[in-house]
Asker: 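Here's a structure for you.
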There are 2 protein chains.
Amino acid sequence: MAFLFDKITMNDKDLLLKLLEATTFTFKKHTNILTSLKKDNIVGVVESGRVQIIRNDYDGNRVIIDELNQNDVFGTMISSMIGDNYDIIVKEDNTKIIIIDYSNITNFNSTQYNFFNQFIKNLLVITTDKIVEKNDRIEVLTQKSIRDKLLEYFRIISEKKGGKTFDIPFSFTELAEYLGVDRSAMSRELKNLKDEGFIKVVNKRVTLLY
Amino acid sequence: MAFLFDKITMNDKDLLLKLLEATTFTFKKHTNILTSLKKDNIVGVVESGRVQIIRNDYDGNRVIIDELNQNDVFGTMISSMIGDNYDIIVKEDNTKIIIIDYSNITNFNSTQYNFFNQFIKNLLVITTDKIVEKNDRIEVLTQKSIRDKLLEYFRIISEKKGGKTFDIPFSFTELAEYLGVDRSAMSRELKNLKDEGFIKVVNKRVTLLY
DNA sequence: TGAAAACTGTTGCAATTGCAACATATTTAT
DNA sequence: ATAAATATGTTGCAATTGCAACAGTTTTCA
């Protein structure tokens with residue numbers, strides 16, 4: 001997995017964060033990070049813990065837009081979220097987040113600091129990886145039936161892990177949100193897939209039987 | 001809109017493209033670019049013309065993953081597409097595409113070339129913009145009904161344009177693919193929205209009446 | 001220009017889905 | 001340890017949707 005401070009020494013990282021005026025925050029579980037931020041165009045790095053980017057529909061539906069663990073990077077589009085029913089919710093106590101003002105990155109004059117170049121290259125790799133992830137999800141979401149959404153989702157995970165057995169990194173409630181379908185309807189369709197012998201499900205472990 | 005060669009002089013651009021061993025191709029309409037490429041991890045820039053990134057389902061459904069016009073950037077995840085039913089289809093005659101090997105960008109040592117830094121910053125901005133676009137589409141796709149998908153899609157366009165009237169940049173056939181729904185069912189729901197007085201549609205011009 | 005291809009609008013119908021409303025089970029927080 | 005909060009599994013039912021099959025229109029291109 002791409003890491004934002006790859007190929008940058010510890011010392012250079014510290015200097016870089018100072019030059020970019022980065023700040024580290026520690027959050028309690030359930031905190032909504034957005035309300036704690038002053039700037040609206042930032043890059044966030046999860047130093048430890050876990051957060052989710054959520055959108056709440058006008059009609060009460062939740063959508064998990066992103067799920068972020070240690071070393072994951074988010075942000076740079078926060079400005080488009082403010083006042084638009086987005087939440088960035090901390091899912092673990094003592095989650096530590098590094099916040100960098102995005103304009104400090106794009107305006108940074110790197111001629112004197114070699115490692116900045118590596119930093120921005122890393123950031124580029126991470127954002128392109130993220131596009132691939134989004135494309136995967138779009139592929140899943142454009143399937144027409146719940147069955148096809150599940151099978152497409154399983155196919156993609158299975159392909160990544162390189163095997164017919166894998167763990168779902170979600171609760172079933174969250175999986176339904178990820179797929180954009182009703183939880184109970186998904187539950188029913190999972191049962192159908194099991195009964196018809198397409199898959200085996202034990203806890204969060206799925207095995208494709210075809 | 002972010003432009004890959006922003007703040008880079010014409011001369012520097014030419015030098016940059018030479019240093020990155022970029023190649024320009026000219027394609028005829030209907031060409032599938034992927035089959036013409038040797039490398040599988042590239043950045044493409046549409047110099048002129050129009051292309052679409054399409055995925056064909058196993059069951060014959062098309063999904064428009066991306067739609068690219070002049071100056072748009074694509075690629076960097078092509079490797080994950082090969083053999084996975086993706087097509088990059090040229091939609092206009094004489095479409096010109098600049099192809100850059102992605103590894104030439106990440107491995108480039110920029111200490112001697114100042115403008116490379118600007119280039120990679122531009123690329124970063126473009127990819128983050130693209131993430132915002134993907135998030136928009138995900139938001140649309142996670143709506144549960146065709147009606148809500150349409151309204152959410154209209155809401156986002158309307159918000160961008162800053163007005164209740166706007167043009168749909170798709171054919172209706174393509175819009176249905178973008179929304180991941182059946183074309184005729186979408187057609188029916190559009191009619192319902194019109195009949196119920198929520199929207200007005202003249203050709204590709206939509207007006208929100210609420 | 002003229003034929004072929006692509007797009008659009010419409011409708012009946014069967015299949016799928018969301019929703020609501022439960023009962024249990026599991027996890028979290030004090 | 002216990003109460004509260006979340007998550008899970010299930011089902012009936014009404015509403016929505018995909019699909020198929022048309023006819024008519026517009027666009028493409030040789």
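First the proteins, then the strands, lettered A, B, ... as listed; each starts at 1.
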Asker: For DNA chain C, whose closest nucleotide is more 5', that of B:Phe172 or that of A:Ser184?
Answerer: B:Phe172
Asker: Just how far, in rounded Å, is P of D:dT16 from CD of B:Glu196?
Answerer: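 Rounding to the nearest Å, CD of B:Glu196 and P of D:dT16 are 10 Å apart.
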Asker: Write down the distance between NZ (A:Lys204) and P (C:dT26), rounded to a whole number of angstrom.
Answerer: 11 Å
Asker: Please verify the inter-ring angle class for B:Phe198 with B:Tyr210; under 30° counts as parallel, over 60° as perpendicular, anything in between as tilted.
Answerer: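 Perpendicular: the ring planes of B:Phe198 and B:Tyr210 meet at over 60°.
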Asker: Tell whether B:Ser145 reaches the base of D:dA15 with its side chain through a donor-acceptor pair below 3.5 angstrom.
Answerer: no
Asker: Rounded to whole Å, please give me the gap between CG in A:Leu193 and C1' in D:dG9.
Answerer: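 Going from A:Leu193 (CG) to D:dG9 (C1'), I get 16 Å.
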Asker: Expressed in angstrom and rounded to an integer, what is the separation of A:Asp148 atom CG from D:dC19 atom C1'?
Answerer: 14 Å
Asker: Would you mind telling me which of D:dT11, D:dG9, C:dC13 lies closest to the side-chain atoms of B:Arg188?
Answerer: C:dC13
Asker: Test the B:Arg137-B:Tyr178 pair against the cation-pi criterion, namely NZ or CZ under 6.0 angstrom from the six-membered ring centroid and within 45° of the ring axis.
Answerer: yes
Asker: What is the distance from CD1 of B:Ile146 to P of C:dG18, rounded to the nearest Å?
Answerer: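 Rounding to the nearest Å, CD1 of B:Ile146 and P of C:dG18 are 12 Å apart.
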Asker: Whole-Å distance between C:dA6 P and B:Glu174 CD?
Answerer: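 Taking CD of B:Glu174 and P of C:dA6, I get 13 Å after rounding.
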Asker: For C:dT17, does OP1 or OP2 lie under 4.0 Å from any side-chain N or O of A:Lys144?
Answerer: no
Asker: Would you mind telling me which residue lines up with the more 5' stretch of DNA chain C, A:Ala185 or B:Lys191, judged by nearest nucleotide?
Answerer: B:Lys191
Asker: Of A:Lys194 and B:Asp182, whose nearest nucleotide on DNA chain D comes first from the 5' end?
Answerer: A:Lys194
Asker: Please classify the nucleic acid contact of A:Ser171 as base, sugar-phosphate, or nothing, using heavy-atom distances under 4.0 Å.
Answerer: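 Sugar-phosphate only.
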Asker: Rounded to the Å, how far apart are B:Arg147 CZ and D:dT16 C1'?
Answerer: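 Computing the B:Arg147:CZ to D:dT16:C1' distance gives 11 Å.
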Asker: Give a yes/no on whether any side-chain N or O of A:His30 is located under 4.0 angstrom from OP1 or OP2 of C:dA29.
Answerer: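 Yes, because at least one side-chain N or O of A:His30 sits under 4.0 Å from OP1 or OP2 of C:dA29.
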Asker: If every non-hydrogen atom of B:Ile146 is compared with every non-hydrogen atom of B:Met186, which pair is closest and at what distance?
Answerer: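 Scanning both residues completely, I find the closest heavy atoms to be CG2-CA, 4.0 Å.
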Asker: What closest approach, in Å, do B:Glu133 and B:Asp66 show between heavy atoms, and which atom pair accounts for it?
Answerer: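 The answer is OE1-OD1, 4.4 Å.
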Asker: Between the base of C:dG9 and the side chain of B:Arg183, is there any donor-acceptor pair under 3.5 Å?
Answerer: yes
Asker: Roughly how many Å is it from CD in A:Gln143 to P in D:dC19, rounded to a whole number?
Answerer: 11 Å
Asker: Checking salt bridge (charged side-chain N to carboxylate O under 4.0 Å, His left out) between B:Asp167 and each of B:Lys161, B:Arg205, B:Lys160, which is the one that passes?
Answerer: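 Result for salt bridge (charged side-chain N to carboxylate O under 4.0 Å, His left out) with B:Asp167: B:Arg205.
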Asker: Using a cut-off of 4.0 Å on non-hydrogen atoms, how would the nucleic acid contact of B:Lys149 be classed: base, sugar-phosphate, or nothing?
Answerer: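 Result for B:Lys149 = nothing.
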